[in-house]
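Please read these numbers as outputs of a predicted model, since none were measured by experiment.
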Amino acid sequence: MTSSPAARSAASGAGKPGAKPGTPAPAALLAWYDRHRRRLPWRAEPGRQADPYHVFLSEIMLQQTTVKAVGPYFTGFLARWPTVSHLAAAPLEEVLSAWAGLGYYARARNLHACAQAVVARHGGRFPDDEAALLALPGIGPYTAAAIASIAFDLKASPVDGNIERVVSRLYRVAEPLPGAKPRIKALAAALTPAQRLGDFAQAMMDLGATICTPRSPACSLCPWMEPCAARAAGDAALYPVKAPKGEKPKREGAAFLAVRADGAVLLRTRPDKGLLAKMTEVPSTPWGPKPEAPEAHAPLKARWRALPGAVEHVFTHFALTLKVLRADLHATAPAPEGHRWVTPDRFDAEALPSLMRKVLAHGGIE
DNA sequence: TACACGTGGTG
DNA sequence: TCACCAAGTGT
């Protein structure tokens, strides 16, 4: 009975008069979303309008970052800076230290700049206009469309990794990413309904995150099973097609862990630009293909001893092996120019990336 | 267009 | 173990 063509058609929402068989119907996805939507800290209750600042904050944090990782950061930021005006008034150093551990630190710098721009250009209210959103720092095509649709219910088609996957499977897009992005964007825009824009965008993302997953999609549970070309072909897991990736280079270096008798560690702030810009670091040699002789790079004269083992850390575009050299100094040792002594109880006020936490832990600090 | 830019989880 | 992946943007 329920497996009859008519029943399947009706269940997919594709059986309405005028709808071609095999056309993914927004109504079917929205009906699924109404039953299975995820409850997330930044989401409004069903039928309620989301706070644009909450949407903005979550969207920036969620760029290339898992929902699980974002959760506590979102809650913490919102408690500390309840509105975009509060965030704009905060010192950048505090924003960076609150962001520490979440990665992609340019996001935090742009988040802060964006908050200030919202105050300066728009009186502290996010513009309900995709083009104006796109003009703000840190907000690209995806995030502008996401805020426009989710916070303001405007007609916009955000395309993130989830939606790329869903659409590439629906239409069995053979062209590899990233070349296929324009086509996928156009297909996604053509799917977008005229009503419930925010729900539709979030439904697409929830579908990608919970049903249309990268490895083993749960096609049998999908509201768009019937119109999906990849499901029909039985090869959904092969999409999206991606261009092959190059090999990840290796870099090596040595970190100087200077520890004072009172437990303070010698730290400094990284340069304004480049990797981990403006974040706190343990002084180190440059990181290169070959390890350099460390002596010339030591921040101060001391008896440096190599600790056993090394710290391994994988960045997006290279893998790093850091030896750790430790020196113990008396409690009155002065900090060299550009450096500072920081006791472990003050680490939370520092913008310490995970790599530097690893270096400290390798030396038995904390 | 292609690369720089973090981190933690997973099959 | 390790390659891949997660609500991308800036240059």
Nearest nucleotide by nearest heavy atom, which residue falls closer to the 5' end of DNA chain B, Phe318(A) or Gly179(A)? Gly179(A)

Take atom P in dT9(C) and the same atom in dG8(B), then report the distance between them in whole Å. 23 Å

Output the residues of residues 277-286 of chain A in contact with DNA chain B, where contact means a heavy atom of the residue under 4.0 Å from an atom of the strand; sort by number or write none. none

To the nearest Å, how far apart are Asp272(A) CG and dC5(B) P? 14 Å

Please collect all ring pair (Phe, Tyr, Trp, His ring centres under 6.0 Å) contacts where either partner lies in residues 327-366 of chain A, sequence neighbours excluded, each pair once. none

Work out how far the C1' atom of dT7(B) is from that of dT11(C), and round it to whole angstrom. 23 Å

For residues 81-92 of chain A, which side-chain donor-acceptor pairs fall under 3.5 Å, sequence neighbours excluded?
{"residue": "Thr83(A)", "atom": "OG1", "partner": "Ser85(A)", "partner atom": "N", "Å": "3.3"}
{"residue": "Thr83(A)", "atom": "OG1", "partner": "His86(A)", "partner atom": "N", "Å": "3.2"}
{"residue": "Thr83(A)", "atom": "OG1", "partner": "His86(A)", "partner atom": "ND1", "Å": "2.6"}
{"residue": "His86(A)", "atom": "ND1", "partner": "Thr83(A)", "partner atom": "N", "Å": "3.4"}

With Lys155(A) via side-chain contact (heavy atoms from CB on, under 4.5 Å) - residues at least two apart: Thr192(A), Leu197(A)

Separation of dT7(B) atom P from Trp99(A) atom CH2, nearest Å, is 13 Å

Got a sec, which residues hit side-chain hydrogen bond (donor to acceptor under 3.5 Å, both in side chains) with Gln63(A), two or more places apart in sequence or on another chain? Thr143(A)

Need one value for Val70(A): base, sugar-phosphate or nothing, where a base atom within 4.0 Å counts as base even if backbone is also close, heavy atoms only. nothing

For DNA chain B, the residues among residues 352-366 of chain A that have a non-hydrogen atom under 4.0 Å from it: Pro353(A), Ser354(A), Leu355(A)

Could you work out, with side-chain contact (heavy atoms from CB on, under 4.5 Å) as the rule, every residue matching Glu130(A), not counting sequence neighbours? Ala144(A), Ala145(A), Ala148(A), Ala156(A)

Centroid-centroid under 6.0 Å between Phe315(A) and His317(A) rings: no

Whole-Å distance between dT7(B) P and Arg107(A) CZ? 10 Å

Could you give the distance separating dG6(B) and dT1(C) at their P atoms, to the nearest angstrom? 25 Å

Distance-only criterion, 3.5 Å: show the donor-acceptor pairs between side-chain atoms of residues 42-49 of chain A and protein atoms not counting sequence neighbours.
{"residue": "Arg43(A)", "atom": "NE", "partner": "Gln202(A)", "partner atom": "OE1", "Å": "2.9"}
{"residue": "Arg43(A)", "atom": "NH1", "partner": "Arg38(A)", "partner atom": "O", "Å": "2.8"}
{"residue": "Arg43(A)", "atom": "NH1", "partner": "Asp206(A)", "partner atom": "OD2", "Å": "3.0"}
{"residue": "Arg43(A)", "atom": "NH2", "partner": "Asp206(A)", "partner atom": "OD1", "Å": "2.7"}
{"residue": "Glu45(A)", "atom": "OE1", "partner": "Arg39(A)", "partner atom": "NH2", "Å": "2.8"}
{"residue": "Glu45(A)", "atom": "OE2", "partner": "Arg39(A)", "partner atom": "NH2", "Å": "3.3"}
{"residue": "Gln49(A)", "atom": "NE2", "partner": "Ala151(A)", "partner atom": "O", "Å": "2.6"}

Return the value, rounded to whole Å, for the distance between atom CZ of Phe315(A) and atom P of dG8(B). 11 Å

Scan residues 242-268 of chain A for pairs that pass ring pair (Phe, Tyr, Trp, His ring centres under 6.0 Å), counting only residues two or more places apart or in two chains. Phe256(A)-Trp304(A)

OP1 or OP2 of dC5(B) less than 4.0 angstrom from a side-chain nitrogen or oxygen of His317(A), does that happen here? yes

Sorted by first residue and then second, give each ring pair (Phe, Tyr, Trp, His ring centres under 6.0 Å) pair with at least one member in residues 126-151 of chain A; sequence neighbours left out. Phe56(A)-Phe126(A)

Can you check whether Cys212(A)'s main-chain N or O pairs, donor with acceptor, with Arg165(A)'s side chain at less than 3.5 Å? yes

Closest heavy-atom pair and its distance - His313(A), Leu355(A): CB-CD1, 3.6 Å

Considering only atom P, compute the distance from dC5(B) to dA6(C) and round it to an integer number of Å. 22 Å

Tell me whether the OP1 or OP2 atom of dG6(B) has a side-chain N or O from His313(A) closer than 4.0 Å. no

Which residues pass the side-chain contact (heavy atoms from CB on, under 4.5 Å) test with Leu30(A), sequence neighbours left out? Arg196(A), Asp199(A), Phe200(A)

I need a per-nucleotide contact map over nucleotides 1-11 of chain C, read 5' to 3'. Cutoff is protein heavy atoms under 4.0 Å; write B for the base, S for backbone only, - otherwise. ---BSBBBSS-

Rounding to an integer number of angstrom, what distance separates dT1(B) and dG10(C) when you compare their C1' atoms? 14 Å

Expressed as a whole number of angstroms, how long is the span from Lys181(A):NZ to dA2(B):P? 13 Å

